[in-house]
K.L.:
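Structure provided below as structure tokens; questions to follow.
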Amino acid sequence: EAPNAYRLHVNECLVAALVPVLDKIFKTDGTELPIEFESHGRDNRLPGGDVLDVSKTVGWFTARYPLLIQDAFTGWPSTISDVKNRLRSLPNNGISYGMCRYLHQNLNGSQDTDLITNGLMTFNYLGQIDGQLARSDLFDICEYTVPYMRSEKSQRTHIVDVNMHV
């Protein structure tokens, strides 16, 4: 009901639902928490309004970008409004951040670590998967745990990784 009542996108609703959890876990007295968002899609619009021809490409485009989220839960209306406004205020849905980050690195010869979220949490909304799989005879959601999804040698980059779909 919330997406229709507040005119939310599903990812905005899910992030707003995380705020009371973050408030209880991290208890940062109302400060903003940096969260690294990951988004996927086939958006071919570039900063400045140019359009990129993606007709001969395969797969999706991934954007990773940090965003500060107010962690103090002050009630649903204010939390939903804050999350919605912060996500919608991102220039070019976050894709500009990656461009600036890597261009900055190439111009300077070094990477500015202040631009990168410092290991608290990632949020990755994968979309509405069940409707697509319901129409497929070839693929289905696996009900089994898949061992070794990450190498044992891999180091975690964040304390919490949130990956979800509806």
Side-chain angles (χ1 to χ4, degrees), residues 3 7-19 21-22 32-71 80 82-136 138-142 144-166:
R7 296 185 179 163
L8 295 173
H9 300 154
V10 175
N11 65 322
E12 295 165 344
C13 191
L14 296 172
V15 173
L18 277 176
V19 171
V21 176
L22 297 174
E32 297 172 317
L33 294 173
I35 298 176
E36 184 175 346
F37 284 82
E38 183 171 336
S39 63
H40 311 282
R42 300 269 310 156
D43 193 358
N44 62 345
R45 292 168 294 158
L46 294 173
D50 293 332
V51 176
L52 182 66
D53 179 11
V54 296
S55 63
K56 295 180 182 171
T57 63
V58 177
W60 58 42
F61 304 125
T62 299
R64 294 183 73 117
Y65 49 91
L67 186 66
L68 295 173
I69 296 293
Q70 183 74 31
D71 86 321
I80 288 169
D82 183 59
V83 167
K84 176 177 155 179
N85 291 334
R86 287 174 191 251
L87 285 169
R88 292 189 184 182
S89 70
L90 283 168
N92 302 300
N93 296 319
I95 195 167
S96 303
Y97 173 79
M99 291 177 179
C100 291
R101 176 180 168 198
Y102 291 106
L103 284 175
H104 176 75
Q105 179 180 358
N106 292 339
L107 293 173
N108 264 356
S110 67
Q111 188 172 351
D112 186 352
T113 55
D114 291 338
L115 292 174
I116 303 168
T117 304
N118 291 322
L120 179 62
M121 181 177 164
T122 62
F123 180 86
N124 183 7
Y125 171 58
L126 298 167
Q128 297 179 2
I129 295 176
D130 56 348
Q132 294 170 357
L133 290 175
R135 294 185 297 266
S136 173
L138 296 174
F139 299 101
D140 199 359
I141 296 176
C142 179
Y144 305 105
T145 302
V146 180
Y148 309 113
M149 289 187 67
R150 296 179 187 250
S151 167
E152 292 177 4
K153 297 175 187 175
S154 173
Q155 301 247 338
R156 292 190 64 83
T157 57
H158 296 81
I159 296 170
V160 177
D161 289 316
V162 176
N163 296 290
M164 58 180 60
H165 63 84
V166 293

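FYI, the numbering just counts along the sequence from 1.
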K.L.:
Go through the structure and list residues passing side chain to side chain contact (heavy atoms under 4.5 Å, CB included) with N163, not counting sequence neighbours.
P.N.:
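N163 satisfies side chain to side chain contact (heavy atoms under 4.5 Å, CB included) with N124, D161 once adjacent residues are dropped.
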
K.L.:
Y125: which residues meet the ring-ring contact (aromatic ring centres under 6.0 Å, His included) condition with it, sequence neighbours left out?
P.N.:
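Once residues adjacent in sequence are excluded, Y125 has no partner under the ring-ring contact (aromatic ring centres under 6.0 Å, His included) criterion.
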
K.L.:
Check whether any side-chain heavy atom of E36 lies under 4.5 Å from a side-chain heavy atom of E38, and answer yes or no.
P.N.:
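No, every pair of side-chain atoms sits at 4.5 Å or beyond.
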
K.L.:
Run the side-chain contact (heavy atoms from CB on, under 4.5 Å) test on R86 and L68 for me, step by step, so that the C-alpha distance in whole Å, both residues' side-chain angles and the decisive distance to 0.1 Å come before the verdict.
P.N.:
CA-CA 8 Å; R86 287 174 191 251; L68 295 173; 4.0 Å; yes

K.L.:
Using side-chain heavy atoms (C-beta onward) and a distance below 4.5 Å, is V83 in contact with V19?
P.N.:
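With C-beta onward as the side chain, the pair touches.
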
K.L.:
Quick one: side chain to side chain contact (heavy atoms under 4.5 Å, CB included) partners of V21, sequence neighbours excluded?
P.N.:
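Per chain and number, V21 pairs via side chain to side chain contact (heavy atoms under 4.5 Å, CB included) with I25.
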
K.L.:
Test of understanding: with side chain to side chain contact (heavy atoms under 4.5 Å, CB included), list the residues that count as partners of L90, not counting sequence neighbours.
P.N.:
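Y65, L67, L87.
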
K.L.:
Pick out which of L18, I69, I159 makes a side-chain contact (heavy atoms from CB on, under 4.5 Å) with M121.
P.N.:
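It is L18, the one option of L18, I69, I159 that forms the side-chain contact (heavy atoms from CB on, under 4.5 Å) with M121.
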
K.L.:
In sequence, state the C-alpha distance, the side-chain angles, and the governing distance for M164 and L126, and then conclude on side-chain contact (heavy atoms from CB on, under 4.5 Å).
P.N.:
CA-CA 6 Å; M164 58 180 60; L126 298 167; over 6 Å; no

K.L.:
So, do V160 and T122 sit near enough that their side-chain heavy atoms are less than 4.5 Å apart?
P.N.:
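Side-chain contact under 4.5 Å: no.
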
K.L.:
Would you indicate whether the side-chain heavy atoms of F37 and P66 approach each other to under 4.5 Å?
P.N.:
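In short, these two side chains do not touch, never coming nearer than 4.5 Å.
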
K.L.:
With a 4.5 Å cut-off on side-chain heavy atoms, are H9 and K84 touching?
P.N.:
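No, too far: nothing below the 4.5 Å cut-off.
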
K.L.:
Mind checking side chain to side chain contact (heavy atoms under 4.5 Å, CB included) for S89 and listing every partner two or more places apart, or none if nothing turns up?
P.N.:
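Testing S89 for side chain to side chain contact (heavy atoms under 4.5 Å, CB included), a comparison that skips the adjacent residues, returns none.
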
K.L.:
Under the rule for salt bridge (charged side-chain N to carboxylate O under 4.0 Å, His left out), what residues qualify as partners of R88, not counting sequence neighbours?
P.N.:
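R88 satisfies salt bridge (charged side-chain N to carboxylate O under 4.0 Å, His left out) with E12 only.
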
K.L.:
Within a strict 4.5 Å, meaning less than it, do heavy atoms of the L14 and F123 side chains meet?
P.N.:
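Result yes, sub-4.5 Å side-chain heavy-atom pair found.
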
